[in-house]
Amino acid sequence: MADQLLEQVRDIAEGQIDFEGQRLAELLATVLLATVGAVSFIVGFIKQDIKLALYIGLGGTALTMGLIVPPWPFLKRHPVKWLPVGGAEKSSQGIIVDGKVVG
């Protein structure tokens with residue numbers, strides 16, 4: 001039981017996401033930070049309050065970090081299928097190149 005709990009905690013803490021998840025995380029971070037920056041600038045300019053603009057920017061950055069940094073399940077939808085150790089399947093006799101088995 002303790003091993004199962006430790007394995008779940010390790011999976012959560014390890015934070016592995018796939019390549020598509022990385023692309024999505026980068027896109028979300030860019031869009032969110034650009035939007036928050038624009039909103040922060042506009043609100044600060046209209047209200048003539050730099051402190052408010054900084055707080056909006058800080059809050060938006062914290063929100064972006066909360067959405068991007070944890071390994072959420074939507075960032076792990078396309079797991080990578082790695083080759084087996086040694087580069088060849090156990091049942092295969094080697095790599096076939098032009099109809100000939102090499103390796």
Side-chain angles (χ1 to χ4, degrees):
M1 171 122 169
D3 290 335
Q4 292 173 345
L5 182 62
L6 181 62
E7 188 65 32
Q8 289 175 350
V9 170
R10 189 176 299 136
D11 285 342
I12 291 170
E14 200 169 86
Q16 291 185 355
I17 62 175
D18 55 49
F19 294 118
E20 289 297 318
Q22 289 177 2
R23 185 184 59 77
L24 179 61
E26 182 181 357
L27 179 67
L28 280 174
T30 302
V31 168
L32 287 172
L33 288 174
T35 304
V36 165
V39 168
S40 173
F41 176 76
I42 292 169
V43 169
F45 184 76
I46 291 172
K47 295 276 191 174
Q48 291 293 302
D49 189 359
I50 188 74
K51 191 175 180 182
L52 178 62
L54 288 174
Y55 281 144
I56 292 172
L58 252 153
T61 302
L63 175 72
T64 301
M65 186 177 124
L67 289 174
I68 301 302
V69 172
W72 299 108
F74 70 91
L75 296 173
K76 301 189 247 184
R77 281 192 252 167
H78 307 283
V80 177
K81 189 173 182 182
W82 297 102
L83 291 175
V85 177
E89 295 180 13
K90 293 179 182 178
S91 63
S92 83
Q93 298 297 320
I95 300 171
I96 300 174
V97 177
D98 293 331
K100 297 179 184 176
V101 177
V102 290

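Computation of the quantities below employed the complete heavy-atom set of this structure, encompassing side-chain atoms and omitting hydrogens, waters and symmetry-equivalent molecules. Sequence positions, counted from 1, serve as the residue numbers for this chain. Note that the structure is a prediction, hence the values are computed from the model and not measured.
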Could you give the side-chain donor-acceptor pairs of residues 53-63 under 3.5 Å, partners two or more places apart or in another chain?
unit_1 : atom_1 : unit_2 : atom_2 : d
Thr61  : OG1    : Gly57  : O      : 2.8

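When all heavy atoms of Asp18 and His78 are compared, the closest pair comes out as OD2-N, 2.7 Å. When all heavy atoms are compared, the tightest approach of Pro70 to Met65 is CD-O, 3.7 Å.
When hydrophobic side chains of Ile, Leu, Val, Met, Phe, Trp and Tyr are connected at separations under 4.5 Å, Phe19 ends up clustered with Val80, Trp82.
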>> Under the criterion side-chain contact (heavy atoms from CB on, under 4.5 Å), I'd like the reasoning laid out for Phe74 against Leu28: C-alpha separation, chi angles, the key distance, then a yes or no.
In response: CA-CA 12 Å; Phe74 70 91; Leu28 280 174; 4.0 Å; yes
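In this structure, CG on Leu32 lies 6.0 Å from CD1 on Ile68, to the nearest 0.5 angstrom. Interatomic distance, CG of Leu67 versus CH2 of Trp72, reported as 7.5 Å (0.5 Å rounding).
Listed by first then second residue, pairs satisfying side chain to side chain donor-acceptor pair (under 3.5 Å) with a partner in residues 31-53 number zero, not counting sequence neighbours.
Of the charged side-chain nitrogens involved, none lies within less than 4.0 Å of a carboxylate oxygen, so that Glu26 and Arg23 do not count as a salt-bridged pair.
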